[in-house]
Amino acid sequence: AFMQIPPERARDHRDAPLIVELRNVYHGAMFLDTPIGFVSERSIAAGALQRYRVVLVPAITHIDDTTLQALMAFVSRGGRMIITPRSFARDPYHRPRQRPEGFPQVSGLGFAGLLKNPTDAQLADPGFIERQALSPGDPRIPEARIDANEWDALRFAARDLAGVGVRLRFGATPNGQVLGRFRDDRSPAIIRTRHGAGAIYHCAIPLRPRSYARVAEAVFGEAGVNRPVRLLGADGEPAWGVESWVCAFGDDRRDLLVAAVNLRAAPVQLALSGERTILGVHDLIANQPGATRFTLKPLETRLLRLKVAD
C-alpha cells in the first residue's frame with residue numbers, strides 16, 4: 001500500500017529521515033563480524049524473527065498493531081531490540097500512536113545538529129522536524145556527546161558516543177536503567193527496559209554510525225550472538241570499515257571459513273581473535289599459508305580457512 005505524501009515532500013530530493021537513519025544503523029552494524037539482514041512486516045508475520053537474537057529499528061515511524069505485537073513478543077521471549085527516535089510514532093494511517101507500555105515517556109523534544117537552535121514553535125511543528133534530514137557522516141554538523149560510563153557491556157574506550165538530530169527528553173521510567181547520559185545536562189540518552197526475558201534499548205537521539213557500532217557491539221554481547229572469530233584493528237577494537245563473515249567449513253565442519261573485505265580507502269592492519277585457539281591459517285585465494293595478523297589493502301578481499309582447537 002502507498003501512503004499519499006504532500007507534493008512538496010515528493011519534490012524534495014533530500015533523503016527522508018527513515019533513509020538517513022537506515023543507512024546510519026546499517027553502516028554501524030555491518031562491521032561487527034556477524035551477518036545482518038532485513039525483515040519486513042510480511043516476513044515478521046511469517047515468523048522471521050525466530051532466526052535472530054537482535055532487531056534494530058531505524059526510525060520506523062509507521063507500524064501496524066500486528067507487527068508491533070510481534071516485535072514485543074520477540075523481546076518477551078528473550079530477544080533484544082534497539083530503537084531509535086521517531087520509531088513507532090504512528091499507525092499506517094498516520095494517526096499518532098501511544099507509546100507501548102513500559103517505554104520511556106517523552107516529556108519534550110530538542111535538536112542537535114542545527115547551527116541555530118529551533119524555536120519552540122518550530123519544535124511543535126511535525127513538518128519542521130520531519131524536514132530535518134541530516135547527513136550522519138558530515139563532520140561539520142554539531143554533535144551531542146554521550147557518556148555511557150554506566151554501561152558495563154561497553155568497552156572502556158568505546159563509552160564516548162555521539163548523536164545528531166531530533167533529541168527526545170525522556171521522562172521517568174520506573175523499570176528502566178540509564179546506560180548513557182548527555183554530557184551537557186546529564187539527562188538520559190540511552191535507557192534499557194526489561195520486557196519478559198528480553199530487553200529494549202531506547203536511544204534518545206540518532207547516533208553516528210561508529211556510535212551505533214559500539215552500541216550494537218554491546219547488545220550483541222549481552223544477547224549471546226555467536227561470533228567465533230573476531231577481526232580486530234590495531235587498537236584492539238572491532239575493525240571499522242572491514243566487513244567479515246564466519247562459518248563452519250570442511251567435510252566434518254570442524255574448520256572455520258573467514259571472509260573479509262576492506263571497504264576503506266586506506267590499508268587496515270588486522271588480527272584474528274578466536275573463541276578457540278587458532279592452530280593454523282590458510283589463504284584460499286592465494287593458496288598459501290596465512291597468518292593471524294595481516295594487512296588488507298583498500299577493497300582487498302581475504303578468504304581464510306582456520307584450523308581451531310577442539
Side-chain angles (χ1 to χ4, degrees), residues 15 19-38 54 56 58 135-141 143 154-162 164 207-221 225-250 253-309:
D15 285 339
I19 301 302
V20 173
E21 193 68 351
L22 178 60
R23 185 186 302 123
N24 208 2
V25 171
Y26 181 79
H27 193 192
M30 69 186 296
F31 303 131
L32 299 178
D33 306 324
T34 189
I36 57 176
F38 296 87
V54 179
L56 297 93
S135 172
D138 189 343
R140 298 170 298 177
I141 296 175
E143 296 176 328
L154 276 178
R155 300 188 182 191
F156 181 78
R159 291 181 177 177
D160 179 20
L161 308 176
V164 61
L207 301 179
R208 295 286 197 186
R210 194 72 179 266
S211 294
Y212 271 131
R214 291 167 175 170
V215 168
E217 171 72 21
V219 175
F220 288 177
V225 174
N226 182 33
R227 290 171 290 177
V229 175
R230 304 304 309 274
L231 265 69
L232 305 180
D235 58 359
E237 297 292 324
W240 182 253
V242 177
E243 191 170 10
S244 67
W245 309 268
V246 181
C247 65
F249 190 68
R253 312 289 288 177
R254 298 176 66 178
D255 292 350
L256 296 176
L257 180 67
V258 178
V261 55
N262 177 17
L263 300 179
R264 297 178 59 179
V268 179
Q269 294 181 352
L270 298 172
L272 296 172
S273 176
E275 294 177 348
R276 295 180 288 171
T277 302
I278 299 175
L279 304 176
V281 181
H282 188 81
D283 188 326
L284 295 177
I285 295 178
N287 193 23
Q288 64 184 23
T292 57
R293 293 182 178 272
F294 56 94
T295 299
L296 272 185
K297 299 177 183 178
L299 300 181
E300 182 183 1
T301 299
R302 196 69 61 95
L303 196 60
L304 304 173
R305 180 173 185 169
L306 307 186
K307 294 282 187 181
V308 294

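Keep in mind that the numbers below use all heavy atoms, side chains included, and drop hydrogens, waters and symmetry copies.
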- Message: As a quick check of understanding, evaluate side chain to side chain contact (heavy atoms under 4.5 Å, CB included) for Leu22 and Phe38, giving each step before the final call.
- Response: CA-CA 11 Å; Leu22 178 60; Phe38 296 87; 3.9 Å; yes

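- Asn24 contributes atom CG, which lies 7.5 Å from atom CG of Leu207 (distance to the nearest 0.5 angstrom).
- A distance-only check finds a donor-acceptor pair linking the side chain of Ser211 to the backbone of Ala162 [under 3.5 Å].
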- Query: Does the pair Leu272 and Phe294 meet the rule for a side chain to side chain contact (heavy atoms under 4.5 Å, CB included), with working shown?
  - Reply: CA-CA 9 Å; Leu272 296 172; Phe294 56 94; 4.0 Å; yes

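- Nearest heavy atom pair, residue Val215 against residue Leu154, reads N-CD2, 4.4 Å.
- Going from atom CG of Leu279 over to atom OG1 of Thr292 covers 11.5 Å, rounded to the nearest 0.5 Å.
- Contact record, Ala260 with Val242: CB-CG1, 4.2 Å, taken as the closest heavy-atom pair.
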Would you be so kind as to tabulate the donor-acceptor pairs closer than 3.5 Å made by side chains of residues 25-32, with sequence neighbours excluded?
none

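- Residues Val261 and Trp245 come closest through the heavy atom pair CG1-CH2, 4.4 Å.
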- Task: Using the side chain to side chain contact (heavy atoms under 4.5 Å, CB included) rule, take Asn226 and Glu275 through it: C-alpha gap first, then chi angles, then the decisive distance, then the call.
- Result: CA-CA 10 Å; Asn226 182 33; Glu275 294 177 348; 3.5 Å; yes

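- With sequence neighbours excluded, the residues satisfying side chain to side chain donor-acceptor pair (under 3.5 Å) with Asp255 are Arg305, Lys307.
- Results of the side-chain contact (heavy atoms from CB on, under 4.5 Å) test with Gln269 over Asp235, Thr295, Leu232 single out Thr295 as the only residue that passes.
- Looking at every heavy atom in both residues, Ala309 comes nearest to Arg276 through O-CD, 3.1 Å.
- A salt bridge links Arg230 with Glu217: the closest approach of a Lys/Arg side-chain nitrogen to an acidic carboxylate oxygen falls below 4.0 angstrom.
- Leu256 approaches Phe249 most closely through the heavy-atom pair C-CB, 4.1 Å.
- Taking all atoms of both residues into account, the shortest heavy-atom contact from Val229 to Leu306 is CG2-CD1, 3.8 Å.
- Side-chain N or O atoms of Asn262 include one that pairs as donor or acceptor with a backbone N or O of Leu296 at under 3.5 Å.
- Looking only at distances, no side-chain donor or acceptor of Asp283 sits under 3.5 Å from a matching main-chain atom of Arg302.
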- For side chain to side chain contact (heavy atoms under 4.5 Å, CB included), just list the numbers for Leu304 and Leu257, CA-CA rounded to whole Å, side-chain angles, deciding distance to a tenth of an Å, and then say yes or no. CA-CA 6 Å; Leu304 304 173; Leu257 180 67; over 6 Å; no

